[in-house]
Amino acid sequence: MLLKEWRKFLEEHGEMTTVITLRHPAEVAASLAKRDGLSADHAYLCWIAHNLAAINNSDGMKRALVLFPDWTKDVPATLRRIASLSESDFSYSAVEGAAMQFDRSILGYSGELIADDPEIAALAGDLFELLKLHSKNCTVPEAEELLPFMRRFETASRTARGVETFLQTKLTQLGAYAAQCRQDALSLQNQVRDTTAERNLVVAELEAQRDAANERLAQLQQSVGDGGQDIREAKVQLDHMKAELDRNNKLVTHLTTLLNRERHTVLKPIYRHLHRHGGRLLRLLLPPRAFDWIKRSLPYPGSIPGYLAYAPSHSIASATHGYGAVPAAAGNKPDIFIMSIINWDFRIQRPQHLATAFGRAGHRVFYVEMETVSGSGSAREVAQNVFVLRLPARGMHGVTPYCGTVSPASIRAWVDHFYDAADAIGSSQYAHIVVEHPYWWNFVRHLSPQFQITFDCMDDISGFSNTDEALLKLEADMAEHADRMIVSSQYLFDKYSENRPVKLIRNGADIDHFMHRDDTLPIPSFLNGKLRGDTIRVGYVGAIAEWFDAELIAAVAKANPDFDFHLCGAVTAPEPARLADAPNISMYGEIPYDEVPGFLKAMDVLIIPFRLLPIIKACDPVKFYEYSAMQRPTVATALPELARAGDLVTTASEPEEFAKGIRNAAVAGSDAALRADLVAYANRNTWGHRATDFLEEIEDAALVSVVILSFGSADLTLNCIQSLTGKGDTYPNLEILIVDNGSSPCELAKIRQEAARHPGIQLIENGENLGFAAGNNVGIKAAKGEYVLLLNNDTYIAPGAIAAMVRHLQRNARIGIVGPLTNNIGNEARIVVEYNNISEMACCAREIVTGYRGLWTEINVAAYFCAMFRKADLERLGGLSTDYGLGMFEDDDHCAHFRASGLIPALAEDAFVHHDLSATFDAMPEPEKTALFEKNRKIYEARWGEWRPHSYRDTRPKPSLPKPK
């Protein structure tokens, strides 16, 4: 890869020839994993990058591709081929001498390692086959031939390159920080040394003076009899020496204080490190109450007072029960699991507001906290239809909130606990998971597609002090693979929308909490005695962290003594904590949510003084909506999201401008028109509006037309319908088309009765048996959906299967047909599984697909007992061939037709459908069935060549987490 840099220098010394050695990527990956500890995906990407660079950078040279280990089989021939590049030859003796010294026994082989990402594995495999072919033909591919591989590599390596860029930036920053720390440490060592030396000199002088004073005192005592005059003189001298001694003692005390201060400066980073990591350890070992007590008993790093740093302890208002106390769903709306960023009772933020609104809309909402509990898990109701869940701690070894690295065993334990909770509460067949922090991606990415995942991104988490590299990598992976992504600001939308579909849903105002308050709204008691007359009261509510512009507020407060600043919020940075020393700044720490309206009411002007860091540019400040609901004017720094408010907010960045904005806002605050505009703005941006938009986004699913071909016994068809709608919709947007192929009047009447009960079911009566292909084609023609699912009536759909197949067609343009795993079929889709009834089947199916979310395998033929297509592809390429009569080989024929057009059949590793296997054909006499098979095989082979019998497979791809023991 460095050839580009060396080439100019080398070409100045003569003509260059290049030999590019080629080895299978799986062997290279195994070697790199053993030698350097590289992951399989990383090793494959390195192999691809190396080979593409070697070929591109050697363009125009004389060059050859040499395949390992083939070249070792005939060393002389390989050497002569290399020599021919420079139109020279090695002597016979030299070639034979090299061959004799070649020791094949030391050739290393570390085995093979397959990439986890199928796209990366496929790219490496395709590139190796191309280069291998050129090597055998003694050629090298041209740049045009490599161009598709370059594009695929750009896509496959996007995440890795992003992490690499981030790490390089971090390494550079850490290097600079380390150098500065070394310089600071050296300076501090010098200061400590000089201070210690100075102190030692002073102490020595004082000790000498003390000894001299004691000696003089003894002399005076001996001469006390000499007369009163001597006594008076001695007393004066003694008082003088005592005063001198006191002054020197004060000097020693001062120098000692300086020395301790320097030592504290050196020890402060060490204490901060111990405070953070010791806290993580104690959180693992202690019950929550004991941990909270110890946390509040220790000094907070940065000398921040505890009352400012920590939010008040909250008593849990609602009773905690087991999962069994959760009532069953009252309707057919899907359950929503919110994977929280903070505990419900800690601070009311976007997740709690959305959860409450979802509950009011009729969904059961489960707010899952990061903290776990002993026993079997707990649930407590906190709002209408909203329940806080804590999963069991059993098996969750070493897992702490917000961590980016979790062991596979702990992930497996969490997944099992989550499934147990979902079963206990009777989770809907199609449910939503809303993820508020990348920590959760450790776990939820392995779940069955029954649980559709939405990443609700409301922060640029790289700005948080507890964000590590592992969390950033999780965030990037979740942003790429989550089923949906919602962001809360334009900054975040611009960051992610180039690479995937993203919906912008901003924050909002809790109108019921902040608006329509009468004059009896009480002022919080903590403000008693703090509200001076003849001042402008300037208020703030929110976190006071490193993004809070303490320097700006300090300057404004100092220059404007008639401003009284009242700041509410937990303080987690030392610079803002020092604001409490100013005479006209009061700091109260975190205050209860119920007291916020009363506090805002007592203020004249409200502020948002944030430094414009990336984390702030990415935020849509909830507090502005709340300030507006309380009809109070706002002065803020120029946050991008506040630009939408126009003249409703005053922005300034310099102290003089900020102070002027406060004075003008205090006057404007009494303007009825402004107050009305602020209320109108808050009413346009409520959490009710946001929740409606949020639900519309996560419930927006492509229409799937399910074509069920029915013939004979109606019970099979009714059971199939039951799997789609009986326990709530297994997919939110279905059109069910039952195509009856001439069933008896008695059986057809049962189907008519069921279709009449469901507005989403349409019955099409053919009146005769048109056969498998023609019958399905009738349904395909009538289908209105974006996707069409052909489904035998002897099947039972497991939860999540339809959503998984839709996802594969949406995200993979190469796939034209996708089918599920099943218990009973004659090809690769069959998987060995045992269950006694449909309830057991659902649990087995969920375990089968766990760890396979988003994975698929290319197969030769998809079995059409259950197969999904894009309606547009069927309209372009046509339906099933009717040349095969009643059935057999029409699915082979149709798959061959799709392959000829460039589309492949795929097996969804994350979908399962129960199949009774050819219930219709089982009723056909065996001789008749055999004759039909032979007849149709000849038709197929005349069209597509020799038929390849279907076969099972011995193994599946590796799952993303270990299976339970």
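The six-membered or imidazole ring of Tyr852 lies away from that of His446, with a centre-to-centre distance of 6.0 Å or more. The six-membered or imidazole ring of His24 lies near that of Phe128, with a centre-to-centre distance under 6.0 Å. Taking the ring centroids of Trp947 and Phe933, they lie under the 6.0 Å cut-off. Separation of the His432 and Tyr430 ring centroids falls under the 6.0 Å cut-off. Between Tyr864 and Phe869, the distance separating the two ring centers is shorter than 6.0 angstrom. Checked against a 6.0 Å centroid threshold, the rings of Phe455 and Trp441 do not count as neighbours.
In this structure, Arg412 CZ and Thr850 OG1 are separated by 6.0 Å, a value rounded to the nearest 0.5 Å. Between atom CG of residue Asp41 and atom CG of residue Asp116 there is a gap of 5.0 Å, rounded to the nearest 0.5 Å.
Within a 6.0 Å radius of CD in Glu498, no more than 12 heavy atoms belonging to other residues, nucleotides or ligands are found.
Side chains of Thr857 and Glu909: a donor on one and an acceptor on the other come within 3.5 Å. Looking only at atom types and distance, the side chain of Asp794 has no donor-acceptor partner in the side chain of His914 under 3.5 Å away. At a cut-off of 3.5 Å, with distance as the only test, no side-chain donor of His897 or Asp893 sits close to an acceptor on the other residue. Side-chain atoms of Glu890 and Ser881 form no donor-acceptor pair, as typed in the model, at a separation below 3.5 Å. For the residue pair Glu828/His950, the side-chain donor-acceptor check at 3.5 Å is not satisfied. Side-chain atoms of Asp740 and Ser743 form a donor-acceptor pair, as typed in the model, at a separation below 3.5 Å.
Ion pair Arg364/Asp335 flagged as a salt bridge, since at least one NZ, NE, NH1 or NH2 atom sits closer than 4.0 Å to an Asp/Glu carboxylate oxygen. One finds no salt bridge joining Glu941 and Lys938 here, because no Lys/Arg side-chain nitrogen approaches an Asp/Glu carboxylate oxygen to under 4.0 Å.
Ring geometry for Tyr884 against Phe889 counts as parallel: the plane angle stays under 30°, on a 0 to 90° scale with 60° as the upper cut.
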